[in-house]
There are 2 protein chains.
Amino acid sequence: MQLKELSNATGTSPASIKFYLREGLLPPGQSVHATRASYSTEHVKRLELIRALRQIIGLNLDQIRSIVTLADDGVPHLALLAQVQRVVLKLEPAVGEVERTAAADAVVRMRGWPDVRSDARDALDRHVAAMQHVGIDLPLELLDRYSGAVDAIAGLDLELTAAGDDVNDIILTAAVGMHMHSQLMLKLLAVAQASHAIRTLEAP
Amino acid sequence: MQLKELSNATGTSPASIKFYLREGLLPPGQSVHATRASYSTEHVKRLELIRALRQIIGLNLDQIRSIVTLADDGVPHLALLAQVQRVVLKLEPAVGEVERTAAADAVVRMRGWPDVRSDARDALDRHVAAMQHVGIDLPLELLDRYSGAVDAIAGLDLELTAAGDDVNDIILTAAVGMHMHSQLMLKLLAVAQASHAIRTLEAP
DNA sequence: TGAACTGGATAGTGGCACTATCTTAGAGCC
DNA sequence: GGCTCTAAGATAGTGCCACTATCCAGTTCA
């Protein structure tokens with residue numbers, strides 16, 4: 001497959017493909033000779049991954065690069081997933097120890113999750129602290145419902161990614177899955193608010 | 001309060017404040033005479049709102065303007081909340097009728113929410129369709145847990161906003177609340193995934 | 001043989017959110 | 001009254017990012 005065909009196959013302009021090649025997001029094609037290279041279905045998948053991460057999740061090229069370089073280095077899937085999480089959670093490296101929160105502790109205990117330090121756990125603790133800082137309190141019952149919901153899908157997601165064939169698919173599934181579920185909550189919350197508002201108005 | 005003082009009070013550069021004034025995000029100060037205007041605590045709050053919407057939620061200036069102009073026009077709080085929802089949900093005007101999904105119908109029935117068309121409901125239907133399109137299925141049990149969680153907080157949020165004193169506070173509470181809850185899910189999901197991954201590894 | 005396409009290099013574009021500069025005009029002090 | 005200081009208002013410039021366009025020399029295939 002030549003560059004032009006790759007362009008047609010993915011709906012990405014040749015100029016953009018060249019740009020991604022320069023930026024190291026897309027591995028170079030098999031060089032046939034000085035002025036011809038051939039691209040595989042791997043390239044199609046990678047390109048689709050790049051565009052999904054950009055357009056659906058809104059990652060920037062640096063973030064995407066930090067994921068795909070790991071994939072190209074052939075790191076284990078779990079390490080790859082950890083990086084996807086770091087990026088999607090917009091986790092910047094912690095300065096010093098992240099303080100544990102009662103809310104996160106409670107969730108871990110409720111769900112029987114292993115009580116270990118991880119990037120995700122740090123992110124949770126920091127976010128809970130941020131919510132409380134702006135005056136949003138998190139009653140245990142709410143945490144129970146939230147964590148029950150995510151607990152249910154985490155196992156499922158993991159199966160999918162563990163069984164995964166292609167690295168690009170694994171990344172895509174993990175990143176898009178997380179994003180979609182979080183957005184689903186946003187929409188559900190909006191409908192719930194609208195519903196409550198209607199009720200409040202109709203029965204004053 | 002003069003421009004310089006407003007700048008000091010909010011940590012925003014005078015140049016940026018001038019820019020927001022030009023852009024119509026910040027209402028002009030009370031003009032004392034040709035070269036002096038005075039700003040109030042209202043301006044401080046508005047400026048804090050603008051910066052929170054930009055930096056925490058990542059809205060662009062167009063989106064922020066679409067909210068604050070409504071606030072300045074003094075529209076009813078419910079209409080204001082609807083606009084905040086539209087922006088935070090990144091809802092673009094529907095082209096034609098949005099097709100209802102079984103999943104959203106099920107949620108509405110489960111929760112006993114009023115079954116009416118709304119922007120939020122449209123957003124939910126479209127999002128559910130998008131999730132199914134990428135191969136994420138939503139079992140009833142999951143929808144039950146998700147919607148149970150949001151149902152619990154929607155009432156609470158509404159009380160807060162209805163009781164609200166300042167429009168800027170209302171907008172801030174609503175927007176930040178939605179965003180924070182959605183991000184909380186993201187973090188919880190990451191912890192759940194990490195937990196499941198650890199378990200899977202420890203007991204192979 | 002020549003139009004079409006390639007890889008590679010370099011430069012340009014457009015959008016966005018500021019930021020810097022310039023001009024004019026009152027304010028306060030002597 | 002004159003001088004300096006600073007504010008407001010208008011206009012132009014900046015920096016970043018993700019492309020996009022142009023140019024060139026080499027190859028291929030109709």
Side-chain angles (χ1 to χ4, degrees), chain A residues 1-40 42-44 46-69 87 90 92, chain B residues 1-40 42-44 46-69 87 90 92:
Chain A
M1 195 188 301
Q2 297 188 172
L3 194 144
K4 190 71 177 293
E5 299 173 80
L6 182 58
S7 164
N8 289 336
T10 58
T12 309
S13 76
S16 293
I17 294 176
K18 283 183 174 187
F19 174 69
Y20 293 147
L21 285 166
R22 278 200 302 285
E23 291 290 311
L25 298 178
L26 197 60
Q30 183 75 27
S31 180
V32 175
H33 52 67
T35 73
R36 202 119 320 189
S38 89
Y39 302 92
S40 65
E42 265 300 291
H43 288 90
V44 176
R46 172 57 58 86
L47 213 37
E48 282 166 357
L49 172 64
I50 292 170
R51 298 205 77 80
L53 293 181
R54 282 258 335 114
Q55 289 165 17
I56 301 178
I57 310 192
L59 300 184
N60 65 35
L61 298 191
D62 266 356
Q63 295 172 319
I64 295 174
R65 187 171 19 235
S66 80
I67 293 173
V68 297
T69 53
V87 169
K90 289 170 185 25
E92 61 265 17
Chain B
M1 196 189 301
Q2 296 189 173
L3 194 146
K4 191 70 176 294
E5 299 174 78
L6 181 59
S7 164
N8 289 336
T10 58
T12 310
S13 76
S16 293
I17 294 175
K18 284 182 176 186
F19 173 69
Y20 293 148
L21 285 166
R22 280 200 300 286
E23 290 292 311
L25 298 179
L26 196 59
Q30 184 75 26
S31 180
V32 176
H33 53 66
T35 72
R36 202 115 326 181
S38 89
Y39 302 92
S40 65
E42 266 300 291
H43 288 91
V44 176
R46 171 58 57 86
L47 213 36
E48 283 166 356
L49 172 64
I50 293 171
R51 298 205 78 81
L53 293 181
R54 282 254 339 110
Q55 289 165 18
I56 301 179
I57 310 192
L59 300 184
N60 64 35
L61 298 190
D62 265 356
Q63 295 172 319
I64 295 174
R65 187 171 20 236
S66 81
I67 293 173
V68 297
T69 52
V87 169
K90 291 172 182 26
E92 61 264 19

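The figures that follow rest on heavy atoms only: side chains count, while hydrogens, waters and symmetry mates do not. A quick note: this is a predicted structure, and the numbers were derived from the prediction, not measured.
- Using a 4.0 Å cutoff on non-hydrogen atoms, no part of residues 56-64 of chain B comes near DNA chain D.
- If you measure from atom CG of B:N8 to atom P of D:dT6, you get 14 Å, rounded to the nearest angstrom.
- Atom CG in A:L25 sits about 9 Å away from atom P in D:dC19, given to the nearest Å.
- Taken to the nearest 0.5 Å, the CG atom of A:L3 stands 5.0 Å off from the CD1 atom of A:I17.
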In residues 19-30 of chain A, what donor-acceptor pairs under 3.5 Å come from side-chain atoms, sequence neighbours left out?
{"unit_1": "A:Y20", "atom_1": "OH", "unit_2": "A:R51", "atom_2": "NH1", "d": "3.1"}
{"unit_1": "A:E23", "atom_1": "OE1", "unit_2": "A:R65", "atom_2": "NH1", "d": "3.2"}

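- OP1 or OP2 of C:dT6 has not a single side-chain nitrogen or oxygen of A:Y39 nearer than 4.0 Å.
- For A:F19, counting side-chain heavy atoms from C-beta on, the closest listed nucleotide (C:dG7, D:dA7, D:dC19) is D:dC19.
- In this structure, CG in B:L49 is found 10.5 Å from CD in B:E42, a value given to the nearest 0.5 Å.
- Across the protein-nucleic acid pair, A:I50 atom CD1 and D:dC17 atom C1' stand 16 Å apart, rounded to whole Å.
- Heavy atoms of A:K18 sit under 4.0 angstrom from at least one base atom.
- Within a 6.0 Å sphere centred on NZ of A:K90, other residues, nucleotides and ligands contribute more than 12 heavy atoms.
- Rounded to whole Å, the distance from CD on B:E23 to C1' on D:dA10 is 14 Å.
- Separating the CG atom of B:L26 from the C1' atom of D:dG9 is a distance of 15 Å, rounded to the nearest angstrom.
- Counting heavy atoms from C-beta outward, B:H43 and B:R46 have side chains that stay 4.5 Å or more apart.
- Between the side chain of A:S7 and the backbone N or O of A:T12, at least one donor-acceptor pair lies under 3.5 Å.
- Contact detail for B:N60 and B:R54: the closest heavy-atom pair is CA-NH1, 4.0 Å.
- Recorded end-axis angle for the helix from C:dT1-D:dA30 to C:dC30-D:dG1 stands at 20°, based on five pairs per end and rounded to 10 degrees.
- Rounded to a whole Å, the CG atom of B:L3 is 14 Å from the C1' atom of D:dA10.
- For the pair A:R65 CZ and D:dA18 P, the interatomic distance rounds to 9 Å; values are reported in whole Å.
- Contacts of A:Q2 with the nucleic acid, taken as non-hydrogen atoms under 4.0 Å apart, involve only primed sugar atoms and P, OP1 or OP2.
- Contacts of A:A15 with the nucleic acid, taken as non-hydrogen atoms under 4.0 Å apart, include base atoms.
- At a threshold of 4.0 angstrom between heavy atoms, the contacts of B:S13 are confined to the sugar-phosphate backbone, with no base atom among them.
- The side chain of B:R22 contributes no N or O atom lying less than 4.0 Å from OP1 or OP2 of D:dT11.
- Atom CG of B:L53 and atom CG of B:L61 lie 10.5 Å apart (nearest 0.5 Å).
- Nearer to the 5' terminus of DNA chain C, by closest-nucleotide assignment, is the contact made by B:Q55 (compared with the other of B:Q55 and B:R36).
- The side chain of A:S16 contributes no N or O atom lying less than 4.0 Å from OP1 or OP2 of D:dA18.
- Rounded to whole angstrom, the span from the CE atom of B:M1 across to the C1' atom of D:dT6 amounts to 18 Å.
- Phosphate contact (OP1/OP2 of C:dC18, side-chain N/O of B:Y20, threshold under 4.0 Å): present.
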